[in-house]
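The figures that follow rest on heavy atoms only: side chains count, while hydrogens, waters and symmetry mates do not. Throughout, protein chains are lettered first and strands after them, A, B, ... in sequence-line order, and every chain is numbered starting at 1.
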There are 2 protein chains.
Amino acid sequence: MVEKNIRIKDIARLAGVSVGTVDRVLHNRGRVSPEALQKVTAVMEQIDYKPNLLARTLGSNKNYRIAAILPDPNQDPYWAQANLGITQAQLEWAQYGIQVELFLFDLLDRDSFQKTAHRVHLARPDGILIAPTFYHEALPIFELFRETDTPFVLFNTNIPEAKSLSFIGQNLHQSGRVGAELMNLGQHEKGTLAVLHIDEDIQDSVHLLEKERGFREYFKEKSKVAFDIVDFNMNPKDPSFEDQFKTLLDDKSLRGLFVSTSKGTAVAASIVEKYGRQDIRLVGYDLLEENLRYLRAGVIDFLINQNPKRQASLGISHLVNHLMFKKGTPATDLFPLEVITQQNVESYLGSGIH
Amino acid sequence: MVEKNIRIKDIARLAGVSVGTVDRVLHNRGRVSPEALQKVTAVMEQIDYKPNLLARTLGSNKNYRIAAILPDPNQDPYWAQANLGITQAQLEWAQYGIQVELFLFDLLDRDSFQKTAHRVHLARPDGILIAPTFYHEALPIFELFRETDTPFVLFNTNIPEAKSLSFIGQNLHQSGRVGAELMNLGQHEKGTLAVLHIDEDIQDSVHLLEKERGFREYFKEKSKVAFDIVDFNMNPKDPSFEDQFKTLLDDKSLRGLFVSTSKGTAVAASIVEKYGRQDIRLVGYDLLEENLRYLRAGVIDFLINQNPKRQASLGISHLVNHLMFKKGTPATDLFPLEVITQQNVESYLGSGIH
DNA sequence: TTGAAAGCGCTAACAT
DNA sequence: ATGTTAGCGCTTTCAA
C-alpha cells in the first residue's frame, strides 16, 4: 500500500555493495571499480531513487557562505527592497548553516562596483548573487568568478555571456510592451507619448533602452491611434530638470508618460501632480512607498512590478539549492510582469510574497 | 564569528537537565517536574532557540496522510488546474512521507459533496484540504472534522464560521472592484455594462454575488461616466442560452461584459466572437486554455487570475507545515488579484509558478 | 520524573 | 577500491 521511499541502504542491498560505494557512485566521487559502478547503475535504472534532501543536508553538516553584491540600499528605494529580500533570505537560511554576506557598491560609481567585486573574490565565498548593473566592468569579474569555480547567480540585469548559474529577472523588452499596452488602453485621441528615462547615470543603461524598444514596437504593431512617441533622458539632479519637465507638460497634446525607472516614477508623479496634469496617463515601475502614494491618489495609473525583493531572495534560494541540496536550478527564472492598479495594489501588499 | 546555532543539547547543558527533558518542555508533553520546567524556561528566555526543522522532520520519522476534497477535474478546467496543484504537491512531498489522497465530488451535486466528505471523515486522514463550494452542506462537515480534531484548510471558497486552520483564496469583493476598474478604464461613452454569472448551478453561488457587489460598488464610487449596470444568471445548458446572449449583444449601447466565472468567460468569449462584437470590453477570470486563445485573439481584454493551481498546492504546503514542521500557518492567505493581458500573459505562463 | 540511547537517511572520515 | 562507522539535530522509546 504505502510504498516506503527507497533509501541508499536499499540500493546497496540490491546491488550487493555497501552504502559507501553507492554514495560514491551517486556523487561520482571516484574510487569505485567498474564492476561496482555497473552493479549500482543497473539498480538505479530499475528504481526511481529520490534522495531525502532533509537527510542529505543534515548529514553533510556543511556551512556555506554566500556573497550578495548589489548597489547601496540607501541610494535608492528600489535597491532597498532588493536588500530586504537578502535580509529575509539570511533569516530563512541561517538555521541551516548558510551565511549570507552583503557587499555593497555605489550605484553611480563603476569603479566601486569593480572594487567590491574584487573584495568578494578575495573572500572566496561558496556562491555569489550579483546585480551586474555595469555591463563592461562586469565581464572581467565573471571571468574571475569562473577561475575559482564559484557559482554565481545574476539578478535584475541579465548578461547572457556571463554563463552564470542562472539569471533572475524580467524580460525588459516585453516589459516595455506591457507598458505600451497599458498606455494605449482606451486612448482615443491622437497625441504625444513620452518615454522618460529619469536616472542619475543613464550612460550604461542598455536595460532602460530595452524597455523603450518594446514600448515603441508595440505601438508600431498595434495601435490604431497615431501617436507621436518622444523620449527623454533626464537627470533629476540637473538644475534645469524641472523646467524641462514643465515644458513637456505644457504640451496640450501630451497623452501619457512612460517612466522606465522606479525612482523616476515617483519623481515624475510629483511633478505631474504639482502642475495638475493628472489627466495624462502615467505608467511606471515598482511598489515603492512613494509610488504607492501616487497610485492611491490617482496620479499614477499603472505600476509594473519588478519585485526586487523576491528577485533577491529567490536568487539566494537558487544558490542554496545548488550548493546544499545539489538540486538543479533553472537557467533563467523570468518573473511575471505584474500589473498593479489602484484596486489590486492592496492585494499585492498583503499577500506576503511582497 | 560564525555563531553556531543553538541546539537542544546546548539548552540541556545550560539548564542542567537532559535533552529528553528539554524536548518534553518544548512540546509540553508533560511528565516534567516544576523545577525542571522552570530551569528550562529560564534558559529559553535568555537565548533565541530556533529548532532545526530538517532534523525535527527526519527524527520524528512520521508518515502523514492528507485528504484533498475538490470537485471532479473532468467537469471543469478550473478544477482541473486545482487538481494539477494537488498532483504537484503529491510529488513534492512524497519523499518526506506525506501521502496526498484525492477525494472528488460532483460539482453540481450537493449530495455527492456530503457523501465524499463523509468518506474522508471515515478515512481519518491527518489533515484535510477542502474546497467547500456548498455552503450549507459544508457547515456540518466542519463539525465532523472538528470532532476528530483533524486540521483542515479551506481553499477557493471562504467560510469564516468554519474555524479552519487557514483559508487560501482571494478577496472576492475586491476582485469585483478590480474587474470594474478594468472595465471602466478609458471608457468614455456612457452605456450598458453587463455582469454575467454563467454557471450550471447558480443557486448557492454567494461567492459570485460577492464579485458583483464589488463591481457595482466601484462604479458607484468612482466612475465619471454614467453606466447602466445589469446582471444575468445564465445557464449554458439552457436551450435559450444563446438567444438570450444574442439579445444582449444586439444592444448597441452595450459597452462591456464582466463574467464572474472562468468557464463562463470562455463561453461568453465564443459568442462575442461569433457575433462580431469585439469592440465591447470583456473582462473574465483565469488562465484556462480556452481563455488564453481568446485573450491572444483580442476577444477577451482582461483576465483576473485566481491561480487555482497554486491555491491547491499551497494548501497542501500549509498542512505539511502544520503537521510535520509544526510551523504556524497564516489564518488567511489572500492571493494577489493578478491582472492578465495580451502582453503579460506569456510572462505568467513561463514563470513556473503557474 | 528523568536520562540514556537508538534511530531517521545521508555524508564523510577512516580503516582495511 | 571498499565497507564500516560516527556523526548531523531531533524524536521517541525504554529503563531506571
Practice task
Would you check if Val153(A) and Ser166(A) make a side-chain contact, meaning some heavy-atom pair closer than 4.5 Å?
Solution key: yes

Problem - Under 4.0 angstrom between Lys62(A) side-chain N/O and dA12(C) OP1 or OP2 - result: yes

Exercise for the section: Find the distance Asp10(A):CG to dG9(C):P and express it as a whole number of Å. Expected result: 9 Å

Exercise for the section: By nearest nucleotide on DNA chain D, pick out whichever of Arg31(B) and Lys50(B) is the more 5' one. Expected result: Lys50(B)

Practice task
Could you check whether Asn52(B) gets within reach of a base, just the sugar-phosphate, or nothing at all, counting any heavy atom under 4.0 Å?
Solution key: sugar-phosphate

Exercise for the section: For the residue pair Trp79(B) and Phe155(B), categorise the inter-ring angle as parallel (less than 30°), tilted (30 to 60°) or perpendicular (more than 60°). Expected result: perpendicular

Fill in the blank from the handout: Rounded to whole Å, the CZ-P distance (Arg7(A) to dC8(C)) equals 7 Å

Practice task
Starting at atom CG of Asn63(B), determine the distance to atom C1' of dC8(C), rounded to an integer number of angstrom.
Solution key: 11 Å

Practice task
May I ask you to verify if any side-chain N or O of Arg56(B) is less than 4.0 angstrom from the OP1 or OP2 atom of dG9(D)?
Solution key: no

Practice task
With DNA chain C as reference, determine whether Gly30(B) or Gly59(B) sits nearer its 5' end, using the nearest nucleotide of each.
Solution key: Gly30(B)

Exercise for the section: Describe the nucleic acid contact of Tyr49(A) in one word from base, sugar-phosphate, nothing, applying a heavy-atom distance below 4.0 Å. Expected result: sugar-phosphate

Exercise for the section: Using atom CG of Asn61(B) as one end and atom C1' of dT12(D) as the other, report the distance to the nearest whole Å. Expected result: 11 Å

Problem - Phosphate OP1/OP2 of dG3(C) contacted by Thr21(B) side-chain N/O (<4.0 Å) - result: yes

Handout entry: Touch class at under 4.0 angstrom, heavy-atom based, for Val19(A) against every strand present
Key = base

Problem - Phosphate-side-chain proximity, Ser33(B) and dT2(C), N/O vs OP1/OP2 below 4.0 Å - result: yes

Practice task
Rounded off to whole Å, could you give me the CZ-to-P distance for the Arg24(B) and dA4(C) pair?
Solution key: 11 Å

Handout entry: Distance in angstrom units between Tyr96(B) OH and dC10(C) P, rounded
Key = 11 Å

Practice task
Supply the atom-to-atom distance Glu101(B) CD to Arg119(B) CZ, rounded to the nearest 0.5 angstrom.
Solution key: 10.0 Å

Problem - side chain to side chain contact (heavy atoms under 4.5 Å, CB included) partner of Leu70(A), the single match among Leu102(A), Ile130(A), Leu129(A) - result: Leu102(A)

Practice task
Determine yes or no for a side-chain-to-main-chain donor-acceptor pair under 3.5 angstrom, with Gln311(B) supplying the side chain and Gln306(B) the backbone.
Solution key: yes

Exercise for the section: Using a 4.0 Å heavy-atom cut-off across all strands, classify Leu58(B) as base, sugar-phosphate, or nothing. Expected result: base

Exercise for the section: Would you check if the side chain of Arg7(B) reaches a backbone N or O of Asn52(B) as a donor-acceptor pair within less than 3.5 Å? Expected result: no

Exercise for the section: Just call it for Arg29(A): base, sugar-phosphate, or nothing, with non-hydrogen atoms closer than 4.0 Å on any strand. Expected result: sugar-phosphate

Practice task
Ignoring the backbone of His27(B), work out which of dT13(D), dG9(C), dT11(D) is nearest its side chain.
Solution key: dT11(D)

Exercise for the section: Find the distance Ile8(A):CD1 to dT2(D):P and express it as a whole number of Å. Expected result: 16 Å

Practice task
Using only side-chain N and O atoms of Ser60(B), determine if any of them is under 4.0 Å from OP1 or OP2 of dC8(C).
Solution key: no

Exercise for the section: Let me know the distance between NZ of Lys326(A) and P of dT11(C), rounded to the nearest Å. Expected result: 8 Å

